[in-house]
Amino acid sequence: MKELYNIFTSLNKSSDINGFAVQDIPNISYHKIGISQNKYPMFFIKSEHSGKHLIDQSLEIISIQFNRECNLFNNDLLIENGHYTVIILKSDNPEIQNYFIDIL
């Protein structure tokens, strides 16, 4: 989905915020695309904090963090604080980022 990759590339990580810069994913409620401090793509999937502790997964270039409390910002304004499962691609290669965003 080229539109989603364009949304990701338009995000700017501000060092002044204590959270993540995000944008809505078109036509999908409660989920966001964001950018990490390292400029890696991140997907935020809204979850309910159930009190269960799931084991985070960290693979070579993908990381999944469960039930994380996140501050989400848009244009440096806090838009939401909530619990999310966070999927991070740990690569700054634009071709891999585009593929990752396209398949997720």
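Just the heavy atoms: all of them, side chains too, but no hydrogens, waters or symmetry mates, feed the values below.
- With sequence neighbours left out, the ring-ring contact (aromatic ring centres under 6.0 Å, His included) criterion links Phe8 to no other residue.
- For the ring-ring contact (aromatic ring centres under 6.0 Å, His included) test, no residue two or more places apart in sequence or in another chain qualifies with His31.
- Considering Phe44, Phe43, Tyr84 as possible partners of Phe20, the one that fulfils the ring-ring contact (aromatic ring centres under 6.0 Å, His included) test is Phe44.
- By the ring-ring contact (aromatic ring centres under 6.0 Å, His included) test, Tyr40 pairs with no residue at all, sequence neighbours left out.
- Note on Tyr30: it does not cluster hydrophobically with Leu78, by side-chain heavy-atom contacts below 4.5 Å among ILVMFWY residues.
- Closest heavy-atom contact between Gln97 and Asp92: NE2-CA, 3.4 Å.
- Between Thr9 and Asn6 the shortest heavy-atom distance is OG1-O, 3.0 Å.
- At least one side-chain heavy atom of Val22 sits under 4.5 Å from a side-chain heavy atom of Ile79.
- When all heavy atoms are compared, the tightest approach of Phe100 to Ile87 is CZ-CG2, 3.8 Å.
- Here the closest non-hydrogen pair linking Leu11 and Ile33 is CD1-O, 3.7 Å.
- Using a 4.5 Å cut-off on side-chain heavy atoms (C-beta onward), Ser63 and Asp56 make no contact.
- In plain terms, the two heavy atoms of Thr85 and Asn67 that are nearest each other are OG1-N, 4.0 Å.
- The minimum heavy-atom distance between Ser91 and Pro41, with the atom names listed, is O-CD, 4.2 Å.
- Donor-acceptor pairing under 3.5 Å is lacking for the side chains of Lys90 and Ser36.
- Between Glu80 and Lys46, at least one side-chain N (NZ, or NE/NH1/NH2) sits under 4.0 Å from a carboxylate O, which counts as a salt bridge.
- A donor-acceptor contact shorter than 3.5 Å links the side chain of Gln57 to the backbone of Ile55.
- Taking CD1 of Ile88 as the reference point, atom CG of Leu59 lies at 12.0 Å (rounded to 0.5 Å).
- Of the possible polar contacts, none joining the Asp24 side chain to the Lys32 backbone as a donor-acceptor pair under 3.5 Å is found.
- Distance check, rounded to the nearest 0.5 Å: CD of Gln23 to OG of Ser10 gives 5.5 Å.
- Distance CG/Leu54 to CD1/Ile64: 11.0 Å, rounded to 0.5 Å.
- One finds the CD1 atom of Ile101 at 12.0 Å from the CD1 atom of Ile96 (value rounded to the nearest 0.5 Å).
- Taking CD1 of Ile61 as the start and CG of Asn93 as the end, the distance is 9.0 Å to the nearest 0.5 Å.
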Carefully, step by step, assess Leu72 and Asn81 under the rule side-chain contact (heavy atoms from CB on, under 4.5 Å). CA-CA 6 Å; Leu72 304 182; Asn81 173 279; over 6 Å; no
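- Separating the CG atom in Leu4 from the CG atom in Asn98 is a distance of 9.5 Å, to the nearest 0.5 Å.
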